[in-house]
Amino acid sequence: MGIQSVSFIGLGALGILFGSQMNLSLPKGALTFVADETRVKKYKEKGVYANEQFCDFDYRTPESIEKPVDLLIFSVKADGLDAAIELAKPIVSEHTIILSLLNGISSERILGSVFGEDKVLYSVAQGMDAVKVNNILSYHHMGMICFGDQGAGTISIMTKEVAEFFDRTGIPYEVDTNMLKRQWGKFMLNVGVNQTVAVYRGNYGTIQVEGEPRETMIAAMREVIRIAPYEGITLTEDDLSYWLNVLNQLNAEGKPSMAQDVEAGRKSEVELFAGTVLALYKKHKLAQPTTNQMLYENIQRIDSHSV
Ligand SMILES: NC(=O)C1=CN([C@@H]2O[C@H](COP(=O)(O)OP(=O)(O)OC[C@H]3O[C@@H](n4cnc5c(N)ncnc54)[C@H](OP(=O)(O)O)[C@@H]3O)[C@@H](O)[C@H]2O)C=CC1
Ligand SMILES: CC(C)(CO)C(=O)C(=O)O
């Protein structure tokens with residue numbers, strides 16, 4: 001029968017982006033956005049838009065969902081993950097497959113420790129230039145979801161089921177048999193681009209041209225390459241080129257999620273990025289990486305004025 005029901009937790013840029021695509025082909029009731037009562041009320045009143053189209057989403061509290069869902073997608077920011085996990089518990093059964101679109105290298109481990117590692121696939125969302133202002137999402141590139149099993153070289157039945165579901169619902173995807181490396185590659189990208197664009201108050205255009213911001217971004221990414229082997233991951237200059245190429249495709253006017261947080265006065269996800277890099281250098285008793293240190297301090301300063 002395959003995956004028949006899917007819930008997102010997180011009606012943000014990514015939830016709207018992929019949810020609106022799925023909504024085009026799924027029967028009514030198959031796709032739900034799960035939230036607490038206050039959020040459900042707000043979403044029903046205000047609605048959301050994707051590229052100027054109204055999204056006819058089904059907003060639900062977990063209690064109002066009749067049975068556990070087949071696929072559960074976490075699309076909250078890092079500071080919302082714990083509450084989202086609590087909220088999700090009633091709609092998870094032994095058959096539920098869990099995906100996390102969160103950036104960073106820790107959310108799958110956290111989800112696995114709560115729901116069981118056997119339910120969680122590893123994933124990264126990449127290549128999108130989504131910009132969300134209030135309840136309106138705009139994008140030129142939808143990007144894709146890369147996913148697969150935690151263990152390298154395997155393609156489980158769960159992975160095949162999600163691939164079949166994405167085929168059916170028109171979600172661009174790639175199955176990767178080395179997800180830890182992919183996730184570290186994406187981590188390297190975010191450490192570079194998200195933090196640099198936030199600090200320089202720019203957009204993708206700022207780092208697509210030669211100059212100080214692009215040099216800063218690449219220096220921060222190389223600090224990830226340097227620490228990766230201490231965690232059992234190999235990243236090379238070829239990986240750096242691959243991810244720089246991903247960035248070159250994006251609409252120059254678009255911005256990473258961190259820059260959008262800073263502009264909206266929300267707390268950033270700096271702990272997922274420089275916070276994690278600095279902690280890893282400390283863990284492995286290496287001298288602190290200067291570029292990430294500088295970015296961390298700057299973003300912390302910006303965050304101190306946020307709510
Ligand atoms: N934006 C992008 O292009 C990309 C983002 N990512 C990553 O994906 C993750 C999500 O990012 P993004 O979509 O930009 O995030 P947004 O900030 O746009 O959206 C997060 C959403 O989660 C909701 N939320 C927070 N807590 C809860 C909760 N307890 N229950 C239900 N909903 C909750 C928020 O609701 P409310 O607004 O009502 O508070 C908000 O709508 C992040 O880790 C980000 O780094 C990865 C790739 C690309
Ligand atoms: C890769 C990028 C920059 C958008 O695709 C992202 O992950 C983000 O905005 O957080």
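In each ligand, atom 1 is the first atom listed, and ligand 1 is the first ligand listed.
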>> Assess the residue pair Arg301 and Asp303 against the criterion (salt bridge (Lys or Arg N to Asp or Glu O under 4.0 Å)); give the C-alpha distance rounded to whole Å, side-chain angles, the decisive distance to 0.1 Å, and a yes or no.
In response: CA-CA 5 Å; Arg301 203 167 306 124; Asp303 275 351; over 6 Å; no
> Does ligand 1 have an atom that lies less than 4.0 angstrom from a heavy atom of Lys186?
Replying inline: yes
> Should one rank Gln260, Lys186, Gln249, Gln126 by closest heavy-atom distance to atom 7 (O) of ligand 2, which comes out on top?
Replying inline: Lys186
>> Are Phe74 and Phe8, when compared by the centres of their aromatic rings, separated by less than 6.0 Å?
In response: no
> Can an N or O of Ala13 be found at a distance shorter than 3.5 Å from an N or O of ligand 1?
Replying inline: yes
> Just by modelled atom types, is the Gly151 backbone N or O under 3.5 Å from a matching donor or acceptor in the Thr154 side chain?
Replying inline: yes
> With a 4.0 Å heavy-atom cut-off (strictly under), which part of Ser75 contacts ligand 1: side chain, backbone, both or neither?
Replying inline: backbone
> Which residue and non-hydrogen atom of the protein lie closest to atom 2 (C) of ligand 2, and at what distance in Å?
Replying inline: Tyr204 OH, 3.9 Å
>> Residue-level breakdown please: for Glu86 versus ligand 1, do any non-hydrogen atoms fall below 4.0 Å on the side chain, on the backbone, on both, or on neither?
In response: neither
> Quick one: does Tyr230's side chain get under 4.5 Å of Ile227's, heavy atoms only?
Replying inline: yes
>> If the contact criterion is a heavy-atom separation under 4.0 Å, does Gly143 count as touching ligand 2?
In response: no
> In terms of residue, atom name and distance, what is the protein heavy atom nearest to atom 35 (O) of ligand 1?
Replying inline: Tyr43 OH, 3.0 Å
> Which residue and non-hydrogen atom of the protein lie closest to atom 8 (C) of ligand 2, and at what distance in Å?
Replying inline: Ser257 OG, 3.4 Å
> Gly15 to ligand 1: N or O pair under 3.5 Å?
Replying inline: no
>> My understanding is that only residues two or more places apart in sequence, or in another chain, count here; which of them pass side chain to side chain donor-acceptor pair (under 3.5 Å) with Arg266?
In response: Asp261
> Passes salt bridge (Lys or Arg N to Asp or Glu O under 4.0 Å), Lys119 versus Glu94? Steps please.
Replying inline: CA-CA 8 Å; Lys119 293 190 190 55; Glu94 74 223 70; over 6 Å; no
> For ligand 2, which atoms sit closer than 4.0 Å to a heavy atom of Leu189?
Replying inline: 1 (C)
> Where does Glu269 meet ligand 1, judged by heavy-atom distances below 4.0 Å: at the side chain, the backbone, both, or neither?
Replying inline: side chain
>> Once you restrict to heavy atoms under 4.0 Å, what part of Asp129 touches ligand 2? Side chain, backbone, both or neither.
In response: neither
> Would one find an N or O of Leu101, backbone or side chain, under 3.5 Å from an N or O of ligand 1?
Replying inline: yes
>> Among all protein heavy atoms in this structure, tell me which lies nearest to atom 19 (O) of ligand 1, with the distance rounded to 0.1 Å.
In response: Gly12 CA, 3.0 Å
> Among Gln260, Lys77, Arg39, Met128, which one has a heavy atom closest to atom 26 (N) of ligand 1?
Replying inline: Arg39
>> For a 4.5 angstrom cut-off between non-hydrogen side-chain atoms, does Tyr200 reach Thr216?
In response: yes
> What are the atoms of ligand 2, with element, lying closer than 4.0 Å to any heavy atom of Pro256?
Replying inline: 3 (C), 9 (O)
> Is there side-chain contact between Val162 and Tyr173, with at least one heavy-atom pair below 4.5 Å?
Replying inline: no
> Nearest protein heavy-atom contact for atom 31 (C) of ligand 1: which residue, which atom, what distance?
Replying inline: Ile9 CG2, 3.6 Å
> What protein heavy atom is closest to atom 5 (O) of ligand 2, reported as residue, atom name and distance in Å?
Replying inline: Met128 O, 2.7 Å
>> Is any side-chain heavy atom of Leu101 closer than 4.5 Å to one of Phe147?
In response: no
>> Contact between Met217 and Leu247 at the side-chain level, heavy atoms closer than 4.5 Å - yes or no?
In response: yes
> Hey, does Asn103 come in under 3.5 Å of ligand 2, counting only N/O atoms on both sides?
Replying inline: yes
> Of all the non-hydrogen atoms in the protein, which one sits nearest to atom 41 (O) of ligand 1, and at what distance?
Replying inline: Leu11 O, 3.0 Å
>> With a heavy-atom distance limit of 4.0 Å, tell me whether Val76 approaches ligand 1 through its side chain, its backbone, both, or neither.
In response: both
> How does Leu247 reach ligand 2, if at all, at less than 4.0 Å between non-hydrogen atoms: by side chain, backbone, both, or neither?
Replying inline: neither
> Polar-atom distance check: Val193 versus ligand 2, any N or O pair below 3.5 Å?
Replying inline: no
> Are any of the N/O atoms in Leu14 less than 3.5 Å from those in ligand 1?
Replying inline: yes
